Amino acid sequence: MLVNLEYLTFFVLLLAALLLAIKQMSVALDEVDIERFTLWTGVASVIAGLPIILW
């Protein structure tokens with residue numbers, strides 16, 4: 001039971017981080033800041049790939 005709770009907590013934190021990165025991507029696009037958009041796209045890609053890498 002504790003292990004399942006740890007996995008749930010981990011995935012909820014990953015989801016929150018991914019949503020934050022997507023929000024930052026949106027802000028960068030609104031400001032037409034391509035460099036920052038590219039940075040946040042890379043961050044979001046790494047966050048999205050973490051469950052597959054760590055599984």
Side-chain angles (χ1 to χ4, degrees):
M1 179 67 183
L2 185 60
V3 173
N4 290 337
L5 186 59
E6 290 173 1
Y7 280 124
L8 178 65
T9 303
F10 175 71
F11 285 118
V12 167
L13 287 174
L14 275 181
L15 179 62
L18 183 59
L19 291 175
L20 177 65
I22 291 171
K23 175 65 176 161
Q24 291 297 324
M25 288 168 59
S26 174
V27 170
L29 275 179
D30 289 342
E31 296 175 358
V32 192
D33 187 354
I34 300 303
E35 291 84 15
R36 206 168 81 185
F37 175 75
T38 304
L39 171 74
W40 283 109
T41 302
V43 169
S45 299
V46 169
I47 293 170
L50 276 178
I52 296 170
I53 294 169
L54 298 176
W55 197 266

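Please read all numbers here as calculations on a predicted model, not as lab measurements. Computed from heavy atoms alone, side chains included, the values below leave out hydrogens, waters and symmetry copies.
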**Item:** Atom CD1 of Ile52: over 12 foreign heavy atoms under 6.0 Å
**Value:** no

**Item:** Residue pairs fulfilling side-chain hydrogen bond (donor to acceptor under 3.5 Å, both in side chains) with at least one residue in residues 3-16, sequence neighbours excluded
**Value:**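 Residue pairs with at least one partner in residues 3-16: there are none.
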
**Prompt:** Which residue pairs satisfy the side-chain hydrogen bond (donor to acceptor under 3.5 Å, both in side chains) criterion with at least one member in residues 10-26, sequence neighbours excluded?
**Reply:** none

Tell me, which pairs form a salt bridge (Lys or Arg N to Asp or Glu O under 4.0 Å) where one or both residues lie in [range], sequence neighbours left out?
range: residues 11-21; answer: none
range: residues 38-51; answer: none
range: residues 42-55; answer: none

**Request:** Calculate, to the nearest 0.5 Å, the distance between atoms CG and CG belonging to Leu13 and Leu18 respectively.
**Result:** 12.5 Å

Side-chain atoms of residues 39-49: list all donor-acceptor pairs with protein atoms under 3.5 Å, sequence neighbours left out, distances to 0.1 Å.
| residue | atom | partner | partner atom | Å |
| --- | --- | --- | --- | --- |
| Thr41 | OG1 | Phe37 | O | 2.7 |
| Ser45 | OG | Thr41 | O | 2.8 |

**Asked** So which residues get pulled into Leu15's cluster when ILVMFWY side chains under 4.5 Å apart are joined, directly or through others?
**Response** Leu19

**Asked** Under the salt bridge (Lys or Arg N to Asp or Glu O under 4.0 Å) test, which residues partner Glu31, sequence neighbours left out?
**Response**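 Scan of Glu31 (salt bridge (Lys or Arg N to Asp or Glu O under 4.0 Å), adjacent residues dropped) gives Arg36.
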
**Message:** Is there a continuous path of hydrophobic side-chain contacts, each under 4.5 Å between heavy atoms, that joins Val27 to Leu29?
**Reply:** no

